[in-house]
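Just so it is clear, the structure is predicted and the values come from calculations on it, not from any experiment.
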Amino acid sequence: MTKKILLGHTEAELKAIAKDLGMPAFTGGQIARWIYVQHVTEIDEMTNLSKVNRERLKEEYCIGASPFADCQKSVDGTIKYLFPTENGKTVETVFIPEGDRATLCVSCQVGCKMNCLFCQTGKQGFEGQLTVRDILNQIYSLPERNRLTNIVFMGQGEPMDNLDNVLRATEILTAPYAYAWSPKRITVSSVGIKGKLERFLEESDCHVAISLHTPIPEQREQLMPAEKGMGIREIVSLMERYFPNRRKKREAEKEDGSSHQRRLTFEYTVFGGVNDTPSHLKELVRLLRTLDCRVNLIRFHQIPDVPLHGASEEQMEHICDYLNRNGITTTIRASRGQDIYAACGLLNTKYKEQQCK
């Protein structure tokens with residue numbers, strides 16, 4: 001009999017499982033703490049459960065954590081891990097240490113449906129949704145788990161296309177009974193999916209990063225087919241309700257006494273001669289001036305059969321300076337792990353399963 005998995009269940013669900021097995025409901029809370037606080041890998045390690053209850057639990061369930069199948073280490077210290085998934089596929093997860101910070105870039109799908117022109121994951125195609133267990137296992141089974149300071153959902157897949165499981169994963173990551181992380185330590189990226197993006201903004205307090213890459217809708221559609229479903233102007237209009245510019249933000253906080261700390265970032269991969277012209281920069285300022293946001297400039301990493309190339313370092317600095325001078329807080333993202341194909345847009349596991357078997 002294939003055993004059911006405990007990893008990925010909320011405390012309420014674990015209490016229900018305990019009751020179904022004839023245990024007191026509070027036992028589910030104990031199980032939750034053993035899993036998410038103590039990170040046990042076997043039910044027998046849950047020593048404050050009676051032996052009878054442990055045996056009862058083991059008959060039907062297992063923890064469900066899976067160690068990584070492969071890893072590669074970059075010259076800059078970045079480590080890319082390959083994790084197995086419940087559907088027999090694999091996903092890549094990237095650990096990025098930097099001083100006293102350590103960020104984990106997690107995946108939410110095997111491959112991706114969005115097919116952005118400049119992304120290697122999109123070339124893989126879509127091969128399945130990650131379960132809550134699959135998402136959390138990238139953290140649970142990470143050797144450097146205790147060093148993490150931040151998590152970004154910027155790996156393989158589109159988070160809004162697997163929204164239920166992403167929300168459940170972030171719920172567990174921020175729950176007091178589990179990881180108890182502040183949602184401000186988690187950033188979820190999206191190309192923008194109609195209905196799903198708004199739902200995420202309503203149901204989560206995590207930071208948001210929008211894949212922008214050009215302010216011109218017609219050009220964005222060529223680079224990112226998702227523009228057809230939810231255009232960048234519609235995305236900006238939606239964001240105005242949640243991230244008004246600084247003056248409106250101060251007025252709102254004064255009125256309701258709140259402090260709106262969630263951050264909005266726009267990701268902008270710079271393609272030389274394509275989206276880095278003076279007209280693009282002017283349009284960027286015009287598009288984003290109504291928002292309290294920042295722009296993260298990303299260096300493009302060449303992928304096969306794509307007629308795009310990166311901009312010079314001088315041009316990256318020029319764009320950064322221009323946007324900052326015009327009131328748009330802008331930084332250049334450090335490129336990490338390029339030598340092991342762990343940098344932005346390079347994740348792809350299409351052929352990895354055979355290599356690690």
Discussion item. Suppose we call two aromatic rings close when their centres sit under 6.0 Å apart. Are Tyr322 and His280 close by that rule?
Written reply: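 No, too far apart.
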Worksheet item: Where do Met46 and Ile35 land on the side chain to side chain contact (heavy atoms under 4.5 Å, CB included) test, with the steps shown first?
Response: CA-CA 9 Å; Met46 300 180 181; Ile35 295 172; 4.1 Å; yes
Are the side chain of [X] and the backbone of [Y] linked by a donor-acceptor contact shorter than 3.5 Å?
X: Arg336; Y: Pro97; result: yes
X: Asn165; Y: Leu130; result: yes
X: Thr187; Y: Val208; result: no
X: Thr27; Y: Met23; result: no
X: Asn162; Y: Cys108; result: yes
X: Arg185; Y: Cys206; result: no

If we ignore angles and hydrogens, is there a donor and acceptor under 3.5 Å between the side chains of [X] and [Y]?
X: Thr121; Y: Gln156; value: no
X: Asp321; Y: Asn324; value: no
X: Gln219; Y: Glu227; value: no
X: His207; Y: Thr265; value: no
X: Glu45; Y: Thr41; value: yes
X: Arg133; Y: Ser66; value: yes
X: Ser190; Y: Glu158; value: yes
X: Tyr81; Y: Glu144; value: yes

If you measure from the Lys or Arg side-chain nitrogens to the Asp or Glu carboxylate oxygens, is any gap between [X] and [Y] under 4.0 Å?
X: Asp164; Y: Arg199; value: yes
X: Arg101; Y: Glu98; value: no
X: Arg241; Y: Glu198; value: yes
X: Lys123; Y: Asp305; value: no

Worksheet item: Shared ILVMFWY cluster between Met230 and Ile216, side chains joined below 4.5 angstrom?
Response: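 Each belongs to a different hydrophobic cluster.
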Practice prompt. Look at the side-chain heavy atoms of Ile, Leu, Val, Met, Phe, Trp and Tyr, link any pair under 4.5 Å apart, and say whether Ile193 and Phe126 land in one connected group.
Written response: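 The answer is no; the residues belong to distinct hydrophobic clusters.
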Worksheet entry | Approximate separation, where rounding is to 0.5 Å, of Lys184 NZ and Asn150 CG |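 Lys184 atom NZ to Asn150 atom CG measures 13.0 Å (nearest 0.5 Å).
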Worksheet item: Going from CG on Leu82 to CZ on Phe68, what distance comes out if it is rounded to the nearest 0.5 angstrom?
Response: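 CZ of Phe68 is found 10.0 Å from CG of Leu82.
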Discussion item. If we check side-chain contact (heavy atoms from CB on, under 4.5 Å) with Leu212, which of these qualifies: Val295, Thr269, Leu287, Asn296?
Written reply: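 By the side-chain contact (heavy atoms from CB on, under 4.5 Å) criterion, Leu212 pairs with just one of Val295, Thr269, Leu287, Asn296: Leu287.
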Worksheet entry | Among Ile328, Leu288, Leu297, Thr330, side-chain contact (heavy atoms from CB on, under 4.5 Å) partner for Phe266 |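 Only one of Ile328, Leu288, Leu297, Thr330 forms a side-chain contact (heavy atoms from CB on, under 4.5 Å) with Phe266, namely Leu288.
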Worksheet item: side chain to side chain donor-acceptor pair (under 3.5 Å) between Gln109 and Gln129: does it pass, once the steps are laid out?
Response: CA-CA 5 Å; Gln109 295 178 315; Gln129 303 284 20; 2.9 Å; yes
Fill in: Validation row: Ile298, Val270 side chains within 4.5 angstrom (heavy atoms)
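A side-chain contact under 4.5 Å is absent here.
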Discussion item. Show, in sequence, the C-alpha distance, side-chain angles and deciding distance for Leu104 and Ile139, and conclude whether the side chain to side chain contact (heavy atoms under 4.5 Å, CB included) test is met.
Written reply: CA-CA 8 Å; Leu104 189 69; Ile139 302 153; 3.7 Å; yes
Worksheet item: Does Glu313 CD have over 12 foreign heavy atoms under 6.0 Å away?
Response: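 Atom CD in Glu313 is crowded, with more than 12 foreign heavy atoms closer than 6.0 Å.
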Discussion item. Does atom NZ (Lys19) have a neighbourhood of more than 12 heavy atoms from anything else shown, all under 6.0 Å?
Written reply: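 It does not: Lys19 NZ has 12 such atoms or fewer within range.
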Discussion item. Over 60° means perpendicular and under 30° means parallel, so tell me whether Tyr36 and Tyr140 are parallel, tilted or perpendicular.
Written reply: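 Answer is perpendicular, since the angle exceeds 60°.
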Worksheet item: Given the rule in the side chain to side chain contact (heavy atoms under 4.5 Å, CB included) test, do Tyr61 and Lys3 qualify, once you have shown the distances and angles that lead to the verdict?
Response: CA-CA 5 Å; Tyr61 290 90; Lys3 291 187 179 182; 5.7 Å; no
Worksheet entry | Ser189 and Ser211: CA distance, side-chain angles, deciding distance, side chain to side chain contact (heavy atoms under 4.5 Å, CB included) verdict | CA-CA 7 Å; Ser189 176; Ser211 296; 3.8 Å; yes
